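Predicted, not measured: the structure shown is a model, and the values here were computed from it. Letters A, B, ... mirror the listed sequences (proteins, then strands); counts begin at 1.
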Amino acid sequence: MTDAQPLLKLDGIARNFGAIEALRGIDMHVDRGEVLALLGDNGAGKSTLVKIIAGGLRPSAGRMLFDGAPRDFATPAEAKAAGIETVYQDLSLCTNADVVANFFMGREITRRVLGIPILQERAMEAVVAQAMAEAGTTIPSLRTNVENLSGGQRQAIELNRFVHWGGKLVLLDEPFAALGVEQTRRGLAMIRQVAARGIGVIVITHIMAQAFAVADRIVVIRQGRVAGDVKSNQTTPEAVIEMITGGTLSGAGPDRDRDTHDPASETEEARQ
Amino acid sequence: MTDAQPLLKLDGIARNFGAIEALRGIDMHVDRGEVLALLGDNGAGKSTLVKIIAGGLRPSAGRMLFDGAPRDFATPAEAKAAGIETVYQDLSLCTNADVVANFFMGREITRRVLGIPILQERAMEAVVAQAMAEAGTTIPSLRTNVENLSGGQRQAIELNRFVHWGGKLVLLDEPFAALGVEQTRRGLAMIRQVAARGIGVIVITHIMAQAFAVADRIVVIRQGRVAGDVKSNQTTPEAVIEMITGGTLSGAGPDRDRDTHDPASETEEARQ
Amino acid sequence: AQDKGTIYYMVPTLLDEFQTESVSAIESFLGQVGYKTVTLNADNKTDIQQSQMNDAILLDPDAIVIAPVDFNALTPSIERARAAGVPVMIFDRQITSTMIDFTSVAGTVEIGHVAAGEIQRLLSERNGAVRGKVLQVLGDPGDPYTLDIQAGFEERMAEYGDVTIISLPAMQWEASNAGSIVSDQMLANPDIDLIFVHAAHLAVAAVAALEAAGKKPGDVMLVSSNGAPVGLDLIRQGWEQVEVEQPLYAQAAAIAMFADKVVNKQPIEPGTYEVLGLQSEVTIEAWGPNIKIPGAAITRDNIDEPRFWGNLTAPKDPITPVE
Amino acid sequence: MTPRRRALIEFILDNLVWLMLIVVLIVFSLTVPRFFQFGIFANIFEQSTFVGVMAIGLAIVIISGNLDLSVESTAALSAMVTGLLFATQGIGMGITLGADWLLIPVSLAIALLVGTAIGLINGFLVIRVGMSAFIVTLASFIWVRGLVVAISGGRSAQSLPPAIRVIGIETVLGIPLLAWISVGCFVVFSVLMARTPFGRYVILVGGNPNATFRAGINNDRILWAGFAIAGCLAGLAGWLLAIRTSGATANLGTGMLFNAFAAVVIGGVSLKGGIGRLPGVYAGVLLLYSIHTAINLMGLPAHFTQMILGGLVLAAVLLDTLKLRLRERLL
Amino acid sequence: MTPRRRALIEFILDNLVWLMLIVVLIVFSLTVPRFFQFGIFANIFEQSTFVGVMAIGLAIVIISGNLDLSVESTAALSAMVTGLLFATQGIGMGITLGADWLLIPVSLAIALLVGTAIGLINGFLVIRVGMSAFIVTLASFIWVRGLVVAISGGRSAQSLPPAIRVIGIETVLGIPLLAWISVGCFVVFSVLMARTPFGRYVILVGGNPNATFRAGINNDRILWAGFAIAGCLAGLAGWLLAIRTSGATANLGTGMLFNAFAAVVIGGVSLKGGIGRLPGVYAGVLLLYSIHTAINLMGLPAHFTQMILGGLVLAAVLLDTLKLRLRERLL
Ligand SMILES: Nc1ncnc2c1ncn2[C@@H]1O[C@H](COP(=O)(O)OP(=O)(O)OP(=O)(O)O)[C@@H](O)[C@H]1O
Ligand SMILES: Nc1ncnc2c1ncn2[C@@H]1O[C@H](COP(=O)(O)OP(=O)(O)OP(=O)(O)O)[C@@H](O)[C@H]1O
Ligand SMILES: [Mg+2]
Ligand SMILES: [Mg+2]
């Protein structure tokens, strides 16, 4: 599978924040039309990696090849122009604007009047209404500001806008965390449809069932390094969980004796 | 189970935001030592209900009895004083402060020097380090500001601080949404321990497995009304999902023909 | 007094004692000759004063007395008022770029001249000749008032090469700025003989700074301008030697004396008139009739004369309109 | 509550400032002698021109999440440059161009350039260097005024040539041309803000710049544009002010900043960014100058006017604040 | 990079403003004639007292997420009240109390009360009524100054009795008592902010008031305290100012607001709230007044001082801004 040119290839991507090494050299790839589940413990570095691919953060070291060419995106706008769509874990909506404005953020439908682009509100509203209905999310009014929406409603806006813009690679950072059962089901189906169009998808989740339902391949990150890279039909949730925790945590139950530990040095150890 | 005085009893709680009726009369109760899973679709009104119980929102109508007495909390501080601890869906951390300051927010350990309360930073740091270790969450340094933490690390702070304060009733609004596998497992175990101490727990989640793993009883809210109230060992995930979606959505797949619909009126209908 | 009508007085600011006292003087003197006065304060803002002029014109006053915020910027508004048939009198701050119905000023450049004369006298009394070091504390450098005084002062001092003048601005006429300047300069130039401040309220802070620097009255001489009550107090305490006063009462009285003529659009004859006992000269200039009232230097010797507005004893004799 | 009733209340609340303006004008007309005459209304219109034009730019910068405290000094600088170059008396250099009709476009272009330049300097320090807009523009407020004092030497320029002065003297339909200019600016910029992607982006960037950045919107371009527009319109305000004054003084425009901010806030713009519409700002400006004019006409004791003005402005802002509560109560 | 090296860099960056202060003092000592003498340093100390005391309160309000533009006018009001009641000349009423030693505590108490009252009025409008702190305190800036004009009638009060003046004249260890007072205030409030729950809550509320509200912290109490402290310290600054100038004029303190804000920002306080420590603010004040003093000594042309001051302050703020970049680069 690495014989053909992959859509995205990461080569020793590292990133540190001051003393903290969030990523210590990530090598991985995604193919066209492939759904890759990126798994890992809290703080493993998944979101940091997504931000690097999406152009929001610069890596401290490493190379990235996208669509055949080496790339180094300085801004999300550049990544977007190259065909990378991203749904971030910490939502990026403007809560002071309504659903339609958020859905179309940066890609408004306009018509030129005397050479001036004029917003076409009705056309945009119709598109949003359809997208939300397809996703199974009810929103009282598309003209209410996002600040008045529930957590799931917000996430639905962000998750569903990416489908409309296509692109070549889609990054989804815990896109179902706030979604309801039915909305998650449809979201998973949508990912498969998107992949079927030849788009590469990286999806991050903590729910094994979701990963196994949608992914072709699973990559596990542990403490900033790739700890596993397997086809999802050649492994089990238990094995993946073992990769995620590295076995180190499973012995450390809340009931173990910790009075002998110095808490400060303990966190130090855990990071090494 | 309603013969004994319940810990919390809601009686026709309603709340509207302008034209939007988020809650249309909720009747339910929670007993001491009971874990109640509050389920419902996105936008069903779960978080609104939590905010009302926690004192952050005033109901438009309805009565609430807590610990035997009718209560109408004007602020979260009052609810807290009465023994209600809350973990909110949209996290409530001060990202400009460090982990310790956030963990102890409003409950700092102090020692009086010349009558002036002085913060005891070391003592507080030790407590936080232990709590985080027990929860299985690694945080590089407890003195980094929360803005530098990952989504799961943030949620861990918020989820774990409630255990230290005890209280009588704990409200958890999607507390595991960003947590890893191991952290979620420990979180669920912690909920059972807390309940075993006689504390009532209301937990909101969209993951059936979590609800069935931890809850004694399941209450389903649909469009602002209670749509079901069953013991968790007397029902199945499928039946609960049916209650959540009300069957209305399951027929509406993304592939159905929607060109005949006017999207605007459709959202109207869905709300009615 | 009978009720002859309403006159508007446009005062430029009320943050300074001279202007403040001018309001009471003009209101009282015009009252004595039969006019009701309405005062509008422009807070040192040219555009506000223009708006006030425009609004006042619509109210058909019998005349407008204006002490312009800026000496000439009010010209369009004055023209507009006169075109609308409202006569305009200028108080205290000269405008020469348009026709005015009556002008009553002491002259700011002249204040500088008087101060220069006094300072020459003080320096030669102390040093035997006109030489030494003078610290000149200006007001705000954006205010033409202080610039005129500076120009007049430096013009007359130019010929004395032995006098070093250090000039620093007290931004926004703020007193503690003046205090800081004095305390810093007393260290940098301990040999300063005399401090010339452009307003009496700055002198107060200057004295406080001298006091904090361990000086006694007279160690460093002090001259100030405008003749405010605080300045007179400083003379009485011995801190200050000379206050160059603007003849506020006489200036205001002249306005009242000629008000009838201006309102009734009668010609004003040139010549010498006695205004509150001061011989004042009315001339017909390019910009209209102009009365110039001499300012005076206040020293220990004449300080108690009631004609100094700083004593705040408004003249008892009633004002009589010029026939 | 019926949807129609709710829509009506929404409409009234959205336009509360216009309602306030009308009520205030009626009250003043009934209580202040000689207030009710055409000339007074024309005066209010004219006097609100300068702060009105300035407030448009200020509102745009504020909606984009920044702040510009320098607009007042910028206007003074452009007025001083205009006066210095074209006035014939005082420090004016009385430059004449080949043809008289050239005076207006050339002087206007220079004034706008001066204003835009200051705006771009502010923009550079805020956007490129990353300093806080508050402190950058507060410093500009000081140094630009200092520059006015420096280039003028504290003196004034007077007597602009009649070919320029015509802008300040002409009336159309009995209303001063100056007033029409500010109305025109409000119309143009209201359309820009409400109907074009640029206006939409200003609001979005003001709400959550991180979100727009991630969405591929060029935040910096929007912020640059905001500062440039604020500076440019301040330059226009200064040009108009110079024309009206027929020259310029070193302290011209002092205090306009307070009025511009008050108008923007009364007009419903949130100082936190992301919220506000321009027509309301115009109503705010008119409201403010109605108050100013009424105070002029009432002949209050001069020592108290400043306090009274401050109090009345607070009251006007207060009403805007109560809007939120009313909305919660009524809807 | 070794942890020790990193810790050193962290320390330097955290205290960059002190480093800047030292560098600036050395540069001035070498370049400005007669700058390097004990008296000048004592002067800088003394002159920074007023803005320094004011800046403490301002910093606390800003860290709590609000803003107080009225501190300058509040100081002027409390100075005027002090002058009016106790000065013996001008409009001073020259009140004498039974014993001379009573003068200091009584006049101080009155000044603090006046300041606190203004602070509480601001607090009421912001916290209870829900108006924006910017516009409320901008209005206070106007109306409080108006009140000074109103109560003084534009006149000044002069000659405070020696029993009060001693505060402005005495020195301890060669350093003016005034300077010691501001040092004392900084020490007390620094401890309050860094070591007590109150200080912690000010920072938390400034960061995310919603979080603290939910955590059961009484936000309003913290915000009230912030405004009260800002007003009270402005009152103290006014009292000291009156003592230093031995009276009060209607425009006393004009322009201090800019200095106070500049000091706060140079000192590393974020105007967005939630970030800042007081010792840095003191360094900022000292830095600012070193610049002022240098300008006083350099004998620059008066017309340019304002520009130069604005530019130098910008440069100082700039260095603080670069800190963030340096941190990113170095660590
Ligand atoms: N700006 C930053 N400054 C300092 N440390 C950071 C910063 N951003 C992330 N980190 C640290 O880097 C590590 C990886 O964070 P990241 O957000 O990538 O984790 P994650 O795998 O997405 O975790 P989660 O599952 O909780 O979302 C964490 O320890 C985090 O504290
Ligand atoms: N402040 C508000 N103003 C207007 N509408 C609101 C407001 N808060 C909530 N709503 C609406 O009330 C409904 C219920 O919201 P709530 O947040 O309680 O949903 P939820 O059940 O928690 O959903 P989720 O599972 O997505 O978190 C939603 O339709 C939401 O849009
Ligand atoms: Mg993450
Ligand atoms: Mg919710």
**Identified side-chain contact (heavy atoms from CB on, under 4.5 Å) counterpart of B:Cys94 within the set E:Asn210, E:Val205, E:Leu204** = E:Leu204

**Request:** Evaluate whether atom CZ of B:Arg161 has more than 12 neighbouring non-hydrogen atoms of other residues, nucleotides or ligands under 6.0 angstrom away.
**Result:** yes

**Greater than 12 external heavy atoms within 6.0 Å of E:Arg221's CZ** = no

**Message:** Using 0.5 Å steps for rounding, measure from the CZ atom of E:Arg214 to the OG1 atom of B:Thr86.
**Reply:** 9.0 Å

**Request:** Count the heavy atoms belonging to other residues, nucleotides or ligands that lie under 6.0 Å from CZ of B:Arg197, then report whether that count exceeds 12.
**Result:** yes

**Asked** Is the number of heavy atoms from other residues, nucleotides or ligands within 6.0 Å of CZ (B:Arg143) greater than 12?
**Response** yes

**Prompt:** Can you find a pair of side-chain heavy atoms, one from E:Ile203 and one from B:Asn96, that are under 4.5 Å apart?
**Reply:** yes

**Request:** Under 4.5 Å heavy-atom distance to chain E, tell me which part of B:Ile116 shows up: side chain, backbone, both or neither.
**Result:** side chain

**Fill in**
Rounded to the nearest 0.5 angstrom, the OH-CD distance for E:Tyr201 and B:Glu108 is 3.5 Å

**Request:** Considering only heavy atoms and a distance below 4.5 Å, find which of B:Thr95, B:Asp90, B:Thr75 pairs most often with chain E.
**Result:** B:Asp90

**Asked** Are B:Glu121 and E:Arg195 within salt-bridge range, i.e. N to O under 4.0 Å?
**Response** no

**Smallest separation among heavy atoms of E:Ala211 and B:Met105, with atom names** = O-SD, 3.8 Å

**Prompt:** Relative to chain E, which segment of B:Thr110 carries a heavy atom at a distance below 4.5 Å: side chain, backbone, both, or neither?
**Reply:** side chain

**Residue B:Arg107 versus chain E: region with a heavy atom under 4.5 Å** = backbone

